[in-house]
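In each ligand, atom 1 is the first atom listed, and ligand 1 is the first ligand listed. Predicted model only: the values in this text are computed from it and were never measured.
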Amino acid sequence: ASQAEEKDLVIIGGGVAGYVAAIKAGQEGLKVACIEKRGALGGTCLNVGCIPSKSLLNNSHLYHQILHDTKNRGIEVGDVKLNLQNMMKAKETSVSGLTKGIEFLFKKNGVEYIKGTGSFADEHTVKVNLNDGGETSVTGKNILIATGSESTPFPGLEFDEKRVITSTGALSLEKVPEKMVVIGGGIIGLEMGSVWSRLGAKVTVVEFLNQIGGPGMDAEISKQAQKLLKKQGIDFKLGTKVVSGDASGELVKLEVDAAKGGKPETIEADVVLVAIGRRPYTAGLGLENAGLEVDERGRVVIDSEYRTKASHIRCIGDVTFGPMLAHKAEEEAVAAIEYIKKGYGHVNYGVIPSVMYTHPEVAWVGQNEQELKDQNIPYKVGTFPFSANSRAKTNLDTDGMVKMLADPETDRLLGCHIIGPNAGEMIAEATLALEYGASTEDIARTCHAHPTLAEAFKEAAMATYSKAIHF
Ligand code: FAD
Ligand code: NAD
């Protein structure tokens, strides 16, 4: 069978990149079909990424806080018990509500949802192995590749999602492991490590580099984050590389080498989380049938308008260049549809925020100190600690600071780095400022409500060109 009518646009992948593009295309009046094999829309982010991880982060934080941070607030609690099954149920309710919401939006915007696995038959035709059995094919004037990414495996350690796990396994363990080792101290390692540490596991993070947080995190902020996470009970082995692993015994064994010629060591764990990055996913997509190329890291090669070598086939999201972030995929989705429909579109890649949803949160946008130094760009720094912010004080949640980097001559904001409560929400203000080319004085002369955490943001801005009032 085949979907006889030619579509204006066929999208392969119904993750954030694909589903946002489908809705936008529907809104623009394009005849659009979206092929997704997972059985649910929303991709990694909604099903096994952003959403379930934030549900577990939020509820494990609440549990941890009730256990360790109530007495000094005048709250006496009785017997506190973890019901992991119900915590997982709460996570599943959030996920299914959101993924079903996208199905509704597809209907509302006239998007045809094809449940199956797509692969190129030729430049204009996508063959689909339907989830319910059988096959169909769709042809499109335009085709959009949005097949996302998958966890990078660690050689010699096979994922069983029970003892050797990716983030997906870490989102649905059936019991709290006694000892968990996390390979990789990037965002996934620290977020999922935090969840299981709060729920009672002894967590050790082994990181190859000398700092945690993955690419982009400012070194000073990263150091503070490490100190605070250590205080919460997470152990770190930095500058340490996992060389090999063996999961054949009762415990999983890892051989680690200190990166700079230190002594090799064996560490053991009930559960090992491999969080060493993600890689583009194009398996079975038949790119060769459309004459398309990937680079040495498996990313689909595109130009600045998201066009592959075949100009009617575009590609966005995790499967191509740039940071693997849901909001980046979403921006590209809108821009790609605008290119198709109107011939122009735009994403400002210099202004994409990053957030690590640990407690405290870490968030940043723009450039960090090291990046500015590497490019010989002069800068001035303004900081403000949450310990001097009235709202943080009333909340008894004062760890962290706001740090701003600005051009010493023009005062234009170059980057903002926050570690502290609600950093992930506060970074939106810095993002807007950066997008509009604001100076730190523009920010500091903008009235901020009192008492709010955002006043720390205003005062850090003030500190770059003058002095903060409260510190
Ligand atoms: P994906 O979401 O991976 O979607 C691709 C979809 O394509 C998948 O559903 C897949 O089944 C489908 N597909 C693939 N091949 C085919 C085919 N041949 N036929 C049909 N369908 C196919 N980002 C953030 O910004 N904030 C966060 O808090 C955050 N948390 C995360 C937490 C975790 C644990 C993980 C793993 C990731 C997280 N991310 C987060 C990253 C975010 O999930 C990704 O950047 C985002 O999902 C990328 O969207 P995408 O549409 O490009 O790819
Ligand atoms: P990452 O690139 O952030 O971190 C991987 C870390 O593993 C790096 O610090 C690297 O030095 C280390 N590493 C690699 N090999 C190692 C080895 N052999 N031994 C020890 N350490 C090793 O990748 P990730 O944490 O897996 O996350 C993948 C992607 O998912 C990222 O692009 C991230 O942006 C995205 N994500 C985002 C969020 C968020 O926005 N809150 C949450 C989760 C995931």
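Contact analysis leaves Val319 out of contact with ligand 1, as no non-hydrogen atom separation drops below 4.0 angstrom. By the 4.0 Å heavy-atom criterion, Ala275 is counted among the residues contacting ligand 2. Judged by the shortest distance from any of its heavy atoms, Tyr19 lies outside the 4.0 Å radius around the atoms of ligand 1. Not a single heavy atom of Leu190 sits less than 4.0 Å from an atom of ligand 2. The shortest heavy-atom distance from Lys54 to ligand 1 is under 4.0 Å. Within the 4.0 Å heavy-atom shell around ligand 1 one does not find Met192. Under a 4.0 Å heavy-atom criterion, Leu171 is not in contact with ligand 1.
Inclusion of Arg38 in the set of residues having an N or O under 3.5 Å from an N or O of ligand 1 is warranted. Distances between N or O atoms of His327 and those of ligand 1 include at least one value under 3.5 Å. The N/O atoms of Ile188, backbone and side chain alike, include none that comes under 3.5 Å of an N/O atom in ligand 1. On a distance-only criterion, Val48 and ligand 1 share no N/O pair closer than 3.5 Å. Considering backbone and side-chain N/O of Tyr281, none are found under 3.5 Å from N/O of ligand 1. Residue Leu325 places at least one N or O, backbone or side chain, under 3.5 Å from an N or O of ligand 1. Remark: ligand 2 and Gly277 share an N or O pair separated by less than 3.5 Å (distance only, no angle test).
Checked by atom type and distance alone, the side chain of Arg198 pairs as donor or acceptor with a backbone atom of Leu57 at under 3.5 Å. Without hydrogens or angle criteria, Thr320 side chain to Gly317 main chain gives no donor-acceptor distance under 3.5 Å.
When Gly39, Pro353, Gly118 are ranked by how near their heavy atoms come to atom 17 (C) of ligand 1, first place goes to Gly118. For atom 32 (C) of ligand 1, the nearest non-hydrogen atom from the set Gly13, Gly49, Gly322, Gly284 comes from Gly49. Of the listed options Cys34, Gly317, Cys45, Cys45 places a heavy atom closest to atom 43 (O) of ligand 1. When the heavy-atom distances from atom 5 (C) of ligand 1 to Gly14, Gly43, Ala146 are ranked, the shortest goes to Ala146.
With 3.5 Å as the limit, one finds no donor-acceptor pair spanning the side chains of Gln85 and Glu174. Side-chain contact, Asp397 with His359: a donor N or O sits under 3.5 Å from an acceptor N or O. The closest side-chain donor-acceptor pair between Glu161 and Thr168, if any, does not fall under 3.5 angstrom.
The ligand atoms of ligand 2 that sit less than 4.0 angstrom from a heavy atom of Phe154 are 18 (N). Atoms of ligand 2 found under 4.0 Å from any heavy atom of Tyr357 (numbered from 1 in listed order, with element): 41 (N). For ligand 2, the atoms lying closer than 4.0 Å to a non-hydrogen atom of Gly186 are 3 (O), 4 (O), 6 (C), 25 (O). The Ser149 neighbourhood of ligand 1 comprises atoms 3 (O), with distances under 4.0 Å to a heavy atom of that residue. Below 4.0 Å from some heavy atom of Ser167 lie the following atoms of ligand 1, by number and element: 34 (C), 36 (C). Below 4.0 Å from some heavy atom of Ile187 lie the following atoms of ligand 2, by number and element: 3 (O), 25 (O), 38 (C), 39 (C), 41 (N), 42 (C), 43 (C). Counting the atoms of ligand 2 from 1 in the order shown, those under 4.0 Å from a heavy atom of Leu209 are 11 (O). Listed by number with element, the atoms of ligand 2 under 4.0 angstrom from any heavy atom of Val206 are 20 (C), 21 (N). Those atoms of ligand 1 with a heavy atom of Gly15 less than 4.0 angstrom away are 2 (O), 4 (O), 6 (C), 51 (O). Within the listing of ligand 1, atoms 41 (C), 45 (O) sit less than 4.0 angstrom from a heavy atom of Met324. In summary, the atoms of ligand 2 found under 4.0 Å from a heavy atom of Thr240, numbered by their order in the structure, are 20 (C). Atoms of ligand 1 found under 4.0 Å from any heavy atom of Ile35, numbered from 1 in the order shown, are 20 (C), 21 (N).
Atom 23 (N) of ligand 1 has as its closest protein heavy atom Ala326 N, 3.4 Å. Closest to atom 26 (N) of ligand 1 among all protein heavy atoms lies Cys50 SG, 3.8 Å. If you check which protein heavy atom lies closest to atom 16 (C) of ligand 1, you get Thr147 CG2, 3.7 Å. At the top of the distance list for atom 53 (O) of ligand 1, counting protein heavy atoms only, stands Gly148 CA, 3.1 Å. The protein heavy-atom contact nearest to atom 45 (O) of ligand 1 is Asp318 OD1, 2.9 Å. Ranking protein heavy atoms by distance to atom 20 (C) of ligand 1, first place goes to Gly116 O, 3.4 Å. Regarding atom 30 (O) of ligand 2, its nearest protein heavy-atom neighbour is Arg278 CD, 3.7 Å. Taking atom 51 (O) of ligand 1 as the reference point, the nearest protein heavy-atom neighbour is Ala17 N, 2.9 Å. Scanning the protein for heavy atoms near atom 9 (O) of ligand 2, the closest one is Glu207 OE1, 2.7 Å. When hydrogens are left out, the protein atom nearest atom 22 (C) of ligand 1 is Lys37 CG, 3.8 Å; that is the closest non-hydrogen contact. The nearest protein atom to atom 31 (C) of ligand 2, hydrogens excluded, is given as Met324 O, 4.4 Å; this is a heavy-atom distance.
The two residues Gly43 and Asn47 come nearest to each other via the heavy atoms O-ND2, 2.9 Å.
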Report task. Please test Glu6 against Lys31 for salt bridge (charged side-chain N to carboxylate O under 4.0 Å, His left out), starting from the C-alpha separation and ending with a verdict. Result -> CA-CA 9 Å; Glu6 188 188 44; Lys31 252 184 278 156; over 6 Å; no
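Contacts of Val355 with ligand 2, taken as heavy-atom pairs under 4.0 Å, involve the backbone alone.
Using cut-offs of 30° and 60° for the angle between ring planes, the Phe106 and Tyr113 rings count as perpendicular. The aromatic rings of Tyr339 and Tyr306 sit perpendicular to each other, their planes meeting at more than 60°, with 30° as the lower class boundary.
By the 4.0 Å N-to-carboxylate-O rule, Lys54 lies close enough to Glu191 to be salt-bridged with it. Under the 4.0 Å criterion applied to side-chain N and carboxylate O atoms, Lys263 and Asp257 are not assigned as salt-bridge partners.
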